[in-house]
Structures are given as structure tokens and as C-alpha cells.
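Predicted model only: the values in this text are computed from it and were never measured.
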Amino acid sequence: MNFDWHNPYATVRSPVFARNVVSTSHPLASQAGLRMLLKGGNAIDAAIAAAAALAIVEPVSNGLGSDLFAILWDGERLLGLNASGVAPAAWDRAYFDRRHGGALPPRGWDSVTVPGAVAGWVALSGRCGRLPFADLLEPAIELAERGHGVACIVADKWARQVPLLRAQPGFAEAFMPRGRAPRPGERFVFEAAGRTLRAIARTGGEAFYRGEVAAALVAHAAGNGGSMTAADLADWQPDWVEPISMGFAGHTVHQIPPNGQGIAALMALGMLEQLDVVRLPVDSVESQHLQIEAMKLAFADAYRWVADPRAMTEVTAAQLLSPAYLRERARLIVPGLAQDFVHGTPPAGGTVYLTAADEHGRMVSLIQSNYMGFGSGVVVPGTGVSLQNRGQGFTLDAAHPNVVAPGKRPFHTIIPGFLCQDGRPWMSFGVMGGNMQPQGHVQTLMRMLRHGQQPQAACDAPRWKVATGLDVDLERTMAPGLVAGLEALGHRSGAAADAYMDFGSGQFIWRLSDDPADGYVAASDSRRDGQAVGF
């Protein structure tokens, strides 16, 4: 790829060139990963260290009770890891009818599925890491026990969550040390999380699922209306999976298969391959319209059919990615008209993202999340474990494949991305932020692969976000003429104020040649506090 290295968009970031590189949404997490590379570790070690550090320095978005997905090139092949947890054994439709009047609560213990991130770290380290697992948690332990100055964007989002969550069990004790959220630059010490990290390091993660941390989680659930048991924690394991893929612009785009929404990005890209978008200028009304419509069609199908793959018996991922089906769906797109699409039926047949790469060719795309800001809002006292609320991803519709059931994974929003060319690893990438994630994948890949924009420029470009029906949010930096042109086609536009979530935030590492010794170019999104670093 011959990139145009100038950046036509307003930005404060420059791409970073290095043989070994880490890019995350927080500078201290990037430095944690870099420390492992300088210590002789590989990209997998760096990614785990950065992920653990992010659980401390960006607690609004993730924590020790997060879920995790990863795609990595281990030097020889592409691997996928699904470390998203399952519903407790007590959960079914009757449980929520009885306890919550037929609703899925957004917060509290009855929104918490088994947390998977710690097991994900252990699995990645055991299969692909080079350094001892305990070494990888040293930066996070130091950040927790000695404290760190809270970053500006993190502080703002932290303060916004306090009124919503201060009454949740353990929240104020953990995240309101002065009776409020920390201010920018104010030192935040998280000693309880430091102790838990030490236990995780000492036991290779066993303490979290079968030891003292697990006992604390189960006791707290029992005392606060939850149903998670020791067996729920001890019996669960992450899964190594085969990534799903779609050809696009001479490359192959890879995603984790369902229960995640990465398939929506692949479907949209598959439709766009049918529409000759490359002939249209990158920031033209026509190009952006076609991308929006393809994304809407993909979401209509994903929201109807995607679930734990064991439950996708009526429509499978392979059927949704069928070229014939995507051609059929693409024919529904009208170049001059915004539409409100419904799902088709194929023929039978708060989040953090980080990436790391090393000079030996290993590349990692990793994402972990507590979902909504601070997840469930529940923090187990004495442990620093803030728990995700991924139970919100289920439905109570008995006819839907994503209906809640014991031991089942919910529909998941977080998606790591990976790009290959001719079977070789080429870019590890991701864009965090709820349902913005596949939309961010589509928009940035279109810019890089079809229009030659370098990763930082593609990252900085104004974005749109499909909402519902004909509604689409448009970033404030989008050109007025483009906004007016989309509105003329029937798109109902708004300008979402919260760029932290509404337009996502990405990190990208692109390999510069066939020889990994030639290094990489890395980008980090200016919509968060992040940074790409390398040597």
C-alpha cells in the first residue's frame, strides 16, 4: 500500500514508526507494554501488560472484571481468543420475570456474567507469551499501589458516572476516594486492585476463579442480590476460535466469530465490494451514503441473528457472509435515497482497545471492556474488582437466538480487527465504543484500503454513526457540505456531543513491508488520551 502520508484533517497526532510498537488509549498503558518489549518480551507480553494497566488507569471503560477478545499472529498463524463470560447457571427467562418483572437490569449483580479478561490474559500468556506471567502484571501493580495522575478524558467520563453509580455496592469506596470522582491530574491509588493483581500474578489467575478472589466475589454476590456461584466461576474457560473473514480491496479482514458483532463489519464490507465505491471521492456524499446504508443493512441482520454460536441454529455466520446473500442485500441500496431496512433471511446452508507488534512479526489485536461506564457499577470490597454488565447483551424474547439461558454467552459489542494480505499479517486494529465499533472498522478500512489514507489520517477523519431508522449522528468536524448532502438524501442527522463514546476511538498498527525488521507505522485516536510508542 502506497499511503498518502499527509493528513487532511485537524489533528494533534503524528503516526509513529518503529520496529516494536504498542498503541493504547492511555499513555501509561502504552508504556507498560513497551516495558515488556524492552525487557525481552514479545508483542503478546506487551499486550497483556498494557491490558492489565488499562484496568487501573482507565477504570471507566474496563477493569479486573472485564471481558476480552483477541486476534493475534503468533509468528506462524492467525489465532482468535474469545474470553467473554457466560450467564450464571441460575439465569433464564423465568429468573428475570420473577426478580425483575420481565426486564434485564442494566446495573447491579444481575447484569454480571462470568468475567473473562483475567482468564484471557492467562491463556494468551500460556500459549504465546515469552516472559513469566507474573512479570507482565508488574506495571499495573505499581500503578495501582503507588497511584497515577488521572488523565483528562478519563476524569471527565468518571465524573459523569458518579451520579448514576454511587449507590451501587462498593462503587463509592473504590472510585470516590474523596467523596467524588478524581480531577484531572489528581493521584488515584487503588490498593485493593493491587492486592488482587498480586494474587493473580502469584497463582497464574487461579485466585480469581478458584481461590480467594473468587470466594470474595461469590460472597458479595450472595449478600447483594446476585446469583453467581463458585461453580459458575470455576467451570468457565475461554475459547480459542477460528476467526471469520471477508475479502476487501485485495486484503482479508478478520473478526472474532459470534457471539460478537464483528460479523456486521464484514457484511457491510462485503456489500460495499459490490457497489464500486472506489470510484467515488473519499469524503463525498455519495461514498458516505453507500457506507451508511451498507452498515444499516448489516446491523439489521446482526441484531436479528447473532448470538452464542451454539444457539445460531436457524441462521449461521457462514450464511450471513455468503457472497450471494450479500449481493442480494447490496441490491437494496439506492444511491440517492436513505432507507430504513429490516433484517433479511439468508438461504439455509465503555471499552478499551490496544494493539502491539514486535520486530519478529508477532502482532496482537486485543479489546477488553466493562461495557457501560464502569459496567455493572458493582465493585467487590477489598478486591478492586469492578464487574462488567454484559448480561445486558441478552434478550428475553424466547424466539430470539440470543435469549438468556444458563451457561450461554450474550451478544457482545467488543470486536478486535485484523488484516492480512496473501495470507500474511498486515494490520492489527480496532475502534472501541459500543455499536460504533463495526462502523469504525468499515470507515477506517475504506479510507486506508480504497483511498490510500495513512492510518493516523484515517483515524482522525470525521465519522458518522448509524442510530435507528433514518437517524445518523455526524461528528461536529464533518464538512457542512457533506452534512447537507446527506440530509438531502433523507438521512436525519444529529451531532452527538460525546465523542468519547459516540464516534469511538481506535488504535492501528500497519506493517511496512514483508520483512518485520522494517517495522510498522502506528496510530492512536485523538478522541481519547491514548498514545502509540515504540523503539
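Between Phe429 and His441, the distance from one ring center to the other falls under 6.0 angstrom. Aromatic pair Trp121/Phe208: centroids not less than 6.0 angstrom apart. With ring centers used as reference points, Phe171 lies under 6.0 Å from Phe374. Ring-centre distance between Trp73 and Phe418: not below the 6.0 Å cut-off.
The pair Arg195-Glu145 does not count as a salt bridge, with every side-chain nitrogen at least 4.0 angstrom from each carboxylate oxygen. Ion pairing of Glu475 with Arg527 is present here, as a side-chain N (NZ or NE/NH1/NH2) and a carboxylate O approach within less than 4.0 Å. For Glu142 and Arg35, the salt-bridge test passes: some basic side-chain N is under 4.0 Å from an acidic carboxylate O. Salt-bridge check for Lys157 with Asp529: failed, with every basic side-chain N at 4.0 Å or more from each acidic carboxylate O. We find that Arg166 and Glu173 are not joined by a salt bridge, their nearest charged nitrogen and carboxylate oxygen being 4.0 Å or further apart.
Put simply, CZ on Phe508 and OG on Ser23 are 9.0 Å apart, with the number rounded to the nearest 0.5 Å. For the atom pair CD1 (Ile244) and OG1 (Thr252), the distance works out to 13.0 Å, reported to the nearest 0.5 Å. Once rounded to the nearest 0.5 Å, the distance linking CZ of Arg528 with OG of Ser61 reads 4.5 Å. Rounding to the nearest 0.5 angstrom, the gap separating the CG atom in Asp473 from the OG atom in Ser493 is 9.0 Å. Going from atom NZ of Lys465 over to atom CD of Gln437 covers 10.5 Å, rounded to the nearest 0.5 Å.
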Steps toward side chain to side chain donor-acceptor pair (under 3.5 Å) verdict (Glu58, Ser25) = CA-CA 8 Å; Glu58 200 171 327; Ser25 56; 2.8 Å; yes
From CA spacing to verdict: side chain to side chain donor-acceptor pair (under 3.5 Å), Gln388, Thr113 | CA-CA 7 Å; Gln388 40 84 335; Thr113 55; 2.9 Å; yes
Could you go through the side-chain contact (heavy atoms from CB on, under 4.5 Å) check for Leu79 and Arg127 one step at a time?
-> CA-CA 10 Å; Leu79 302 170; Arg127 181 159 182 170; 3.6 Å; yes
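Side-chain N/O atoms of Tyr9 and Gln453 include a donor and acceptor closer than 3.5 Å. Of the N and O atoms on the side chains of Thr351 and Asn62, not one donor lies less than 3.5 Å from an acceptor on the other residue. Counting only N and O atoms by type, the side chains of Trp464 and Gln288 include a donor and acceptor under 3.5 Å apart. Between the side chains of Arg390 and Thr413, at least one donor-acceptor pair of N or O atoms lies under 3.5 Å. Between the side chains of Ser84 and Asn82, at least one donor-acceptor pair of N or O atoms lies under 3.5 Å. Gln507 and Ser524 are linked by a side-chain donor-acceptor pair at a separation below 3.5 angstrom, with hydrogens and angles left out of the test. A donor-acceptor contact under 3.5 angstrom links the side chains of Ser365 and Tyr353, judged on distance only. For the residue pair Gln456 / Asp460, a side-chain donor-acceptor distance below 3.5 Å is found, with atom types taken as modelled.
Aromatic ring orientation, His220 versus Trp109: tilted (interplanar angle from 30° to 60°). Note: Phe188 and Phe190 have tilted aromatic rings, judged against thresholds of 30 and 60 degrees for the angle between ring planes. Taking the six-membered ring where tryptophan is involved, the planes of His343 and Trp305 are perpendicular, since the angle between them exceeds 60° and thus also 30°. Below 30°, between 30° and 60°, or above 60°: for Trp510 and His251 the angle between ring planes is between 30° and 60°, a tilted geometry.
When atom types are taken as modelled, the side chain of Asn259 and the backbone of Ala307 share no donor-acceptor pair closer than 3.5 angstrom. With Ser125 contributing its side chain and Val122 its backbone, the two residues share no donor-acceptor pair below 3.5 Å. Looking only at distances, a side-chain donor or acceptor of Gln368 sits under 3.5 Å from a matching main-chain atom of Ala51. No donor-acceptor pair closer than 3.5 Å links the side chain of Asp45 to the backbone N or O of Gly129.
Of all heavy-atom pairs between Thr383 and Thr196, the closest is O-OG1, 2.6 Å. What you find for Val442 and Ala268 is that their closest heavy atoms are CG2-CB, 3.8 Å. Taking all atoms of both residues into account, the shortest heavy-atom contact from Asp358 to Ala43 is OD2-N, 2.9 Å. Nearest heavy atoms, Ala300 versus Phe341: CB-O, 4.2 Å. Nearest heavy-atom pair across Gln168 and Val378 is OE1-CG2, 4.0 Å. When all heavy atoms of Ala32 and Ala49 are compared, the closest pair comes out as O-CB, 3.8 Å.
Remark: Arg187 CZ is loosely packed, at most 12 non-hydrogen atoms of other residues, nucleotides or ligands lying under 6.0 Å away.
Residue Arg409 is tested with Asp308, Asp239, Asp67 for a salt bridge (Lys or Arg N to Asp or Glu O under 4.0 Å); the sole match is Asp239.
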